[in-house]
Amino acid sequence: MGRGRNALYLASQGWHVTGYDLSPAALAAANSAASQSGLKLTTHLARHETFDFGTAQWDLIVCLYNYMDPDDPKLPARLHRALRPNGIIVFQTAWNRELTRPQLTRLWRNFQILRYDDLAPGAVMDEWEPSLTYPTLKLVLQKPATP
Ligand SMILES: C[S@@+](CC[C@H](N)C(=O)[O-])C[C@H]1O[C@@H](n2cnc3c(N)ncnc32)[C@H](O)[C@@H]1O
């Protein structure tokens, strides 16, 4: 969640937001911004590699520029289990991998792909400096209501 850029926005829209980061400083900044704005966040000091997403626990999982690899072969099953039926993943990152759309689609085949954009370096300039060097991948995935 970093310093809470997206978490704070979602909380302001009425979501009950849980976020984690490996950086205590980022969590402190997010929690401080939340209390200044009268918003509530639940935060954890944790890493992607070991964070327990649980089972059927989330309506939305937001992975923005967070160094998760969309081509990690273990990630789809992990996030599928964690979402409630109809739950959504929003994934956006600058990445240097070479997977084609069919390969990524196959990897995330237990989801419905609502959006897939693979944008040229420099096409997204407002978010993160590596977006200038690497393609930006945008994925919106939905866990089907029934398996
Ligand atoms: C570029 S910031 C993006 C933060 C936020 N998602 C946003 O879009 O504003 C990347 C964040 O990922 C965190 N991060 C990097 N590797 C991580 C890991 N393995 N586990 C947990 N957090 C990680 C960093 O500490 C940093 O706060």
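We number each residue from 1, following the sequence as shown. Just so it is clear, the values below take in all heavy atoms, side chains as well, and ignore hydrogens, waters and symmetry mates. Please read all numbers here as calculations on a predicted model, not as lab measurements.
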What closest approach, in Å, do [X] and [Y] show between heavy atoms, and which atom pair accounts for it?
X	Y	answer
P85	A145	CB-O, 3.5 Å
A11	L41	CB-CD2, 4.0 Å
D71	L107	CA-CD2, 3.4 Å
P135	P121	N-CG, 3.9 Å
F91	D69	CZ-C, 4.2 Å
F53	M68	CZ-CE, 3.7 Å

Item to complete: May I have all residue pairs that pass salt bridge (Lys or Arg N to Asp or Glu O under 4.0 Å) and include part of residues 75-84, sequence neighbours excluded?
Response: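 Listed by first then second residue: D59-R84.
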
Worksheet item: Is I61 reachable from L22 through a run of I, L, V, M, F, W or Y residues, each pair having side-chain heavy atoms under 4.5 Å apart?
Response: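 No, L22 does not connect to I61 through the hydrophobic network.
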
For the backbone of [Y] and the side chain of [X], can you confirm whether one donor and one acceptor N or O come within less than 3.5 Å of each other?
X	Y	result
Q142	I88	no
D21	S23	yes
T50	A46	no
K143	N86	no
S37	A34	no
W108	P70	yes

Worksheet item: Between H44 and F51, how do the two ring planes meet: parallel, tilted or perpendicular, split at 30° and 60°?
Response: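 Plane angle between 30° and 60°, so tilted.
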
Worksheet item: Taking the six-membered ring for Trp, are the ring centroids of H80 and F111 within less than 6.0 Å of each other?
Response: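 Yes.
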
With rounding to the nearest 0.5 angstrom, report the [atom1] to [atom2] distance, [X] to [Y].
X	Y	atom1	atom2	answer
C63	L75	SG	CG	6.5 Å
T43	M1	OG1	CE	6.0 Å
L104	L137	CG	CG	6.0 Å
N110	L83	CG	CG	11.5 Å
L60	H16	CG	NE2	13.0 Å
N6	Y65	CG	OH	10.0 Å

If we only count heavy atoms from C-beta on, is the [X] to [Y] side-chain gap below 4.5 Å?
X	Y	value
N66	H48	yes
V90	L64	yes
T18	W58	yes
L45	L27	yes

Discussion item. Going by the rule ring-ring contact (aromatic ring centres under 6.0 Å, His included), which residues pair with Y134 if we only count those two or more places apart in sequence or in a different chain?
Written reply: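 Residues passing ring-ring contact (aromatic ring centres under 6.0 Å, His included) with Y134: none at all.
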
Item to complete: Please name all residues satisfying ring-ring contact (aromatic ring centres under 6.0 Å, His included) with W95, sequence neighbours left out, ordered by chain then number.
Response: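 Not a single residue meets the ring-ring contact (aromatic ring centres under 6.0 Å, His included) criterion with W95.
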
Worksheet item: By salt bridge (charged side-chain N to carboxylate O under 4.0 Å, His left out), which residues pair with D118, not counting sequence neighbours?
Response: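 Partners of D118 under the salt bridge (charged side-chain N to carboxylate O under 4.0 Å, His left out) test: none.
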
Practice prompt. Apply salt bridge (charged side-chain N to carboxylate O under 4.0 Å, His left out) to D72 and list each qualifying residue two or more places apart in sequence or on a separate chain.
Written response: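 Counting only residues at least two positions away or on another chain, D72 forms no salt bridge (charged side-chain N to carboxylate O under 4.0 Å, His left out).
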
Discussion item. Test of understanding: with side chain to side chain donor-acceptor pair (under 3.5 Å), list the residues that count as partners of R47, not counting sequence neighbours.
Written reply: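 If we apply the side chain to side chain donor-acceptor pair (under 3.5 Å) test to R47, skipping adjacent residues, the hits are E49.
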
Fill in: Residues I89, V140; criterion side-chain contact (heavy atoms from CB on, under 4.5 Å); working and verdict
CA-CA 6 Å; I89 300 171; V140 181; over 6 Å; no

Practice prompt. Decide side-chain contact (heavy atoms from CB on, under 4.5 Å) for Q92 and T136; before the verdict, give the C-alpha distance in whole Å, the side-chain angles of both, and the deciding distance to 0.1 Å.
Written response: CA-CA 7 Å; Q92 180 165 328; T136 293; 4.0 Å; yes

